[in-house]
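As a basis for the values below, the full set of heavy atoms in this structure was taken, side chains included, without hydrogen atoms, waters or symmetry mates. What you see is a predicted model; the values in this text were computed from it and never measured. Note that ligands are numbered from 1 as they come in the structure, with each ligand's atoms numbered from 1 the same way.
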Amino acid sequence: MKHRPLLALLLLHASVVSSLLVLPSEGHAADGRPNILFIFTDDHAPHAIGAYGGLLKDVNPTPNIDRLAREGMLFRNSFCSNSICGPSRAVILTGKHSHLNGFMHNGNRFNAGQQTFARLLQQVGYQTAVVGKWHLKSNPVGFDYWRVLPGQGDYYNPVFLGPDGREQIEGYCTDLVTDMAITWLKESRNQDKPFILMCQHKAPHRTWMPAARHLSLYDDIDLPAPATLFDRFKDNASPARFQEMEIDRHMNLVFDLKVSPDKLFDPTAGKSVDRSGFRNLDKMTPAQRRTWNAAYEPKNKAFRQAKLSGEKLVQWKYQRYMKDYLRCIKGVDESVGRLVDYLSDSGLAENTIVIYSSDQGFYLGDHGWYDKRWMYEESLRMPFIVRWPGVAKAGTVNEHMIQNLDYAETFLEVAGADIPADMQGTSLVPLLQGKSPDDWRKSIYYHYYEYPSVHMVARHCGVRTERYKLIHFYQFGEWELYDLENDPDELTNLYSNPAYRDTIAELRTELKRLQVVYQDDSDMSEMPAEWKQKYRKQ
Ligand code: CA
């Protein structure tokens with residue numbers, strides 16, 4: 001330990017005299033409580049993170065996020081409660097399921113008057129800040145500093161909203177949000193208070209537009225494709241066959257895959273398409289646009305000449321989709337590196353909890369899909385990695401079932417704040433301390449509501465235990481049961497198998513129990529027969 005001059009000795013003496021005084025040291029807030037840096041992305045599936053393993057790990061997509069896992073704790077069984085952007089964020093803010101916080105689907109507007117962890121942290125002396133993707137329609141409340149994207153926001157030259165209005169900034173969104181986070185840490189925060197900073201990226205959300213420096217990354221390799229890329233949903237309940245999120249039939253060559261950025265004609269559709277979703281090209285500077293076209297046009301030309309069809313076309317679309325997705329993630333991973341380096345350089349690392357998470361998982365060609373929404377594993381899972389020096393043992397993997405429902409209570413316990421009785425999660429602090437509480441949850445509850453809507457994923461609720469998953473597509477009166485141990489890809493629906501009658505009865509009882517515990521009395525009635533017919537007629 002370094003010896004400090006007389007003043008420090010006097011302070012040390014004072015601290016002995018008054019047990020209330022905690023010695024300020026470099027990087028520590030005056031009161032010693034930990035800071036929280038919450039790095040949060042949009043649609044980053046765990047199986048696109050090296051530390052979680054899986055098909056893409058050999059591509060080394062996330063060295064900086066992997067470093068957090070090596071230096072902290074990785075949660076293997078981290079799940080969302082409603083796999084879609086706005087609802088997941090509302091659950092995180094409130095610690096309550098969608099039906100109680102009121103943000104059940106992306107068409108809702110967050111009731112900013114309600115209790116959130118941000119308001120509660122302010123009350124116990126934390127400084128609160130959020131930058132980047134917000135996606136809750138109403139403006140942030142409970143934050144001392146906020147600068148967020150309106151709606152989905154743009155990848156290039158995005159507009160930001162703040163208390164003083166709107167401002168468009170030239171640059172790439174992931175980099176700009178990182179700059180804002182670091183600038184706030186460096187220049188704007190009150191150094192006498194602990195903070196929570198939420199650095200929330202738009203990436204890697206659709207339409208997967210990478211930074212200029214990453215446009216040609218992975219051009220020289222073929223990515224491995226999932227075994228279920230050509231799943232025909234033979235065993236599923238009917239909703240899986242009537243969705244609109246297949247790489248084959250629904251992923252658009254212009255809107256999603258940038259094949260003809262200067263044209264309105266989509267060869268897949270055989271007609272002109274609305275390119276409004278790809279409008280961000282029109283906001284690029286001439287230099288950005290030249291760089292973009294120089295990277296994509298030669299690849300697009302080769303694609304047009306190849307005149308692919310059938311499974312070869314699907315394979316090509318998968319490669320273009322997944323490379324753009326991973327290129328966006330490369331930008332995110334570099335952001336994580338910059339933030340973590342800043343914490344080290346500024347002396348903040350030791351007393352700052354760093355969390356990496358994303359609002360839900362995503363289909364990376366699994367079951368032939370992109371997007372999220374379903375209770376199936378790929379979109380149910382969320383990354384959750386925590387580096388907490390001196391508390392979470394470096395390099396540990398935690399197998400307990402956790403949910404986004406738990407984040408609010410975790411933040412409050414870290415801050416020493418009271419946890420309101422109406423929050424529905426459980427603080428993760430004991431798990432981070434390496435404990436295994438006997439009464440930890442043995443099942444999780446899920447409920448998705450956005451239907452009929454984009455991608456046409458039917459409403460469903462369900463329960464997942466360590467081994468089984470029971471899903472109820474109540475509008476259609478259909479069920480699915482999967483044995484996750486023997487069938488991790490969820491290809492064999494066991495609901496009609498008589499050997500599982502007892503398991504099904506137990507899981508149905510558990511589902512009902514969870515609906516009572518979480519007070520979910522949403523309308524779960526079946527649709528009239530003619531409506532079912534209409535939605536199945538594809
Ligand atoms: Ca999302």
Side-chain angles (χ1 to χ4, degrees), residues 38-49 52 62 65 78-94 97-98 101 103-110 130-137 140 148-155 158 173-174 177 198-210 243-245 250-251 255-256 277 321-322 324-326 328-329 331-333 335 355-366 369-385 403-405 407 446-451 453-457:
F38 182 72
I39 308 171
F40 193 66
T41 50
D42 198 328
D43 296 354
H44 191 181
H47 56 312
I49 293 176
Y52 277 92
T62 53
I65 298 171
S78 158
F79 305 108
C80 61
S81 54
N82 180 0
S83 178
I84 187 159
C85 312
S88 179
R89 290 154 202 269
V91 168
I92 289 170
L93 275 172
T94 59
H97 276 286
S98 305
N101 69 45
F103 203 105
M104 295 155 82
H105 54 75
N106 276 340
N108 288 132
R109 180 184 187 84
F110 185 70
V130 58
V131 292
K133 180 100 176 243
W134 177 248
H135 207 247
L136 290 168
K137 290 206 180 128
V148 298
L149 299 162
Q152 293 285 2
D154 285 323
Y155 275 110
C173 192
T174 306
V177 169
M198 305 178 83
C199 179
Q200 309 200 141
H201 293 297
K202 169 187 175 62
H205 192 277
R206 192 186 190 193
T207 53
W208 316 296
M209 293 174 73
Q243 39 62 40
E244 296 178 358
M245 52 188 278
H250 309 109
M251 183 177 268
F255 182 98
D256 292 308
Y321 156 48
M322 198 42 49
D324 280 345
Y325 181 84
L326 290 180
C328 290
I329 287 168
V332 166
D333 190 68
S335 164
I355 300 173
Y356 185 83
S357 180
S358 190
D359 55 357
Q360 9 61 213
F362 213 67
Y363 295 93
L364 313 180
D366 316 280
W369 290 337
Y370 60 106
D371 212 72
K372 53 252 180 183
R373 300 163 196 271
W374 302 97
M375 199 191 167
Y376 305 128
E377 291 293 277
E378 294 84 355
S379 53
L380 178 67
R381 289 181 178 275
M382 300 167 72
F384 196 71
I385 299 172
Q403 288 199 276
N404 49 351
L405 194 64
Y407 299 2
Y446 184 87
H447 198 157
Y448 171 81
Y449 300 88
E450 194 172 303
Y451 184 78
S453 183
V454 61
H455 298 302
M456 293 302 281
V457 173

* Asked: Side chains of Tyr448 and Ser83: donor-acceptor distance under 3.5 Å anywhere?
  -> no
* To do: Taking ring-ring contact (aromatic ring centres under 6.0 Å, His included) as the test, write out the residues that go with His201, two or more places apart.
  => none
* Side-chain donor-acceptor contact under 3.5 Å, His47 with Asp366 -> yes
* **All side chain to side chain contact (heavy atoms under 4.5 Å, CB included) counterparts of Asn108, not counting sequence neighbours** => Phe103, Met104, His105
* For the Ca ion (ligand 1), count the protein N, O or S atoms found under 3.0 Å away. => 6
* Closest heavy-atom pair and its distance - Lys202, Arg206 -> NZ-O, 4.1 Å
* Asked: Taking only residues two or more places apart in sequence or in another chain, which ones pass ring-ring contact (aromatic ring centres under 6.0 Å, His included) with Tyr52?
  -> none
